[in-house]
S.K.: 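Before anything else, here's the structure in question.
If you read the sequence from its start, that first residue is 1, and numbering goes on from there. As the structure is a computational prediction, the values presented were derived from the model and not from experiment. When a ligand or atom number is given, it counts from 1 through the structure's own listing order.
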Amino acid sequence: MATRLVGVGELGETQVTIVEDTPHGTLAVGLSGGEPFAVSNRCRHLGAPLGKGRVDADGCLECPWHSALFDVRTGAMTRGPQGAFKPIAGVVKGTLGARKLKTFPVELREDAIWLTA
Ligand code: FES
């Protein structure tokens, strides 16, 4: 049975939001290049809520705390944390980032993003 997660019009300019109480717990849900996605909400670095981040021009999900990037299709960290953490970004990506975000099947229907399984 499909579960409605969020209306596309509710996403705002960040193109991602937090949806609580789904069958898979709290998720970061949004649009990347016009395609819907749903991933686990906690950044692999220090646990920031990814649904409070943004989708960048390349369609990657950017963490709101230290700007690590995630591929929303695979859940992989594609860039480690920036700012004060930049000198160890590669190490973080190769260790904590090696555990991918969970990804969940979704579809666009009736101007909303739906969890399909
Ligand atoms: S908590 Fe996400 S990059 Fe630090």
S.K.: Please identify which atoms of ligand 1 are closer than 4.0 Å to at least one heavy atom of Pro81.
M.R.: 3 (S)
S.K.: Using the side chain to side chain contact (heavy atoms under 4.5 Å, CB included) rule, pick out the option among Thr26, Val6, Thr3 that qualifies with Val19.
M.R.: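 Considering Thr26, Val6, Thr3, a side chain to side chain contact (heavy atoms under 4.5 Å, CB included) with Val19 is found only for Val6.
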S.K.: What is the name of the N/O/S atom of His45 that is nearest to atom 4 (Fe) of ligand 1?
M.R.: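 Sorting the N, O and S atoms of His45 by distance to atom 4 (Fe) of ligand 1 puts ND1 first.
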S.K.: Which atoms of ligand 1 have any heavy atom of Ala48 under 4.0 Å away?
M.R.: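 Taking each heavy atom of Ala48 in turn, ligand 1 has 1 (S) under 4.0 Å.
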S.K.: Hey, does the side chain of Glu35 reach the backbone of Ser32 with a donor-acceptor pair shorter than 3.5 angstrom?
M.R.: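 No, because the side chain of Glu35 does not come within donor-acceptor range (under 3.5 Å) of the backbone of Ser32.
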S.K.: Give a yes/no answer: is there an N/O/S atom of Cys63 under 2.8 Å from atom 4 (Fe) of ligand 1?
M.R.: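 No - counting backbone and side chain alike, Cys63 has no N, O or S atom under 2.8 Å.
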S.K.: Any carboxylate oxygen within less than 4.0 angstrom of a Lys/Arg side-chain nitrogen, looking at Glu62 and Arg79?
M.R.: yes
S.K.: What are the atoms of ligand 1, with element, lying closer than 4.0 Å to any heavy atom of Cys43?
M.R.: 1 (S), 2 (Fe), 3 (S)
S.K.: Would you call Val39 and Phe70 a side-chain contact if the rule is heavy atoms closer than 4.5 Å?
M.R.: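 No; the side chains remain at least 4.5 Å from each other.
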S.K.: Is there a donor-acceptor pair closer than 3.5 Å between any side-chain N or O of Ser40 and the backbone N or O of Arg42?
M.R.: no
S.K.: Determine which of the N, O or S atoms in His66 is closest to atom 4 (Fe) of ligand 1 and give its atom name.
M.R.: ND1
S.K.: Which of the numbered atoms in ligand 1 are below 4.0 angstrom from a heavy atom of Leu46?
M.R.: 1 (S)
S.K.: Could you list which atoms of ligand 1 come closer than 4.0 Å to a heavy atom of Ala68?
M.R.: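 Ligand 1 atoms under the 4.0 Å threshold to Ala68: 3 (S).
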S.K.: Donor-acceptor pair, Arg44 side chain versus Lys100 backbone, under 3.5 Å?
M.R.: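 Yes, the answer is positive, given that a donor and an acceptor are paired below the 3.5 Å cut-off.
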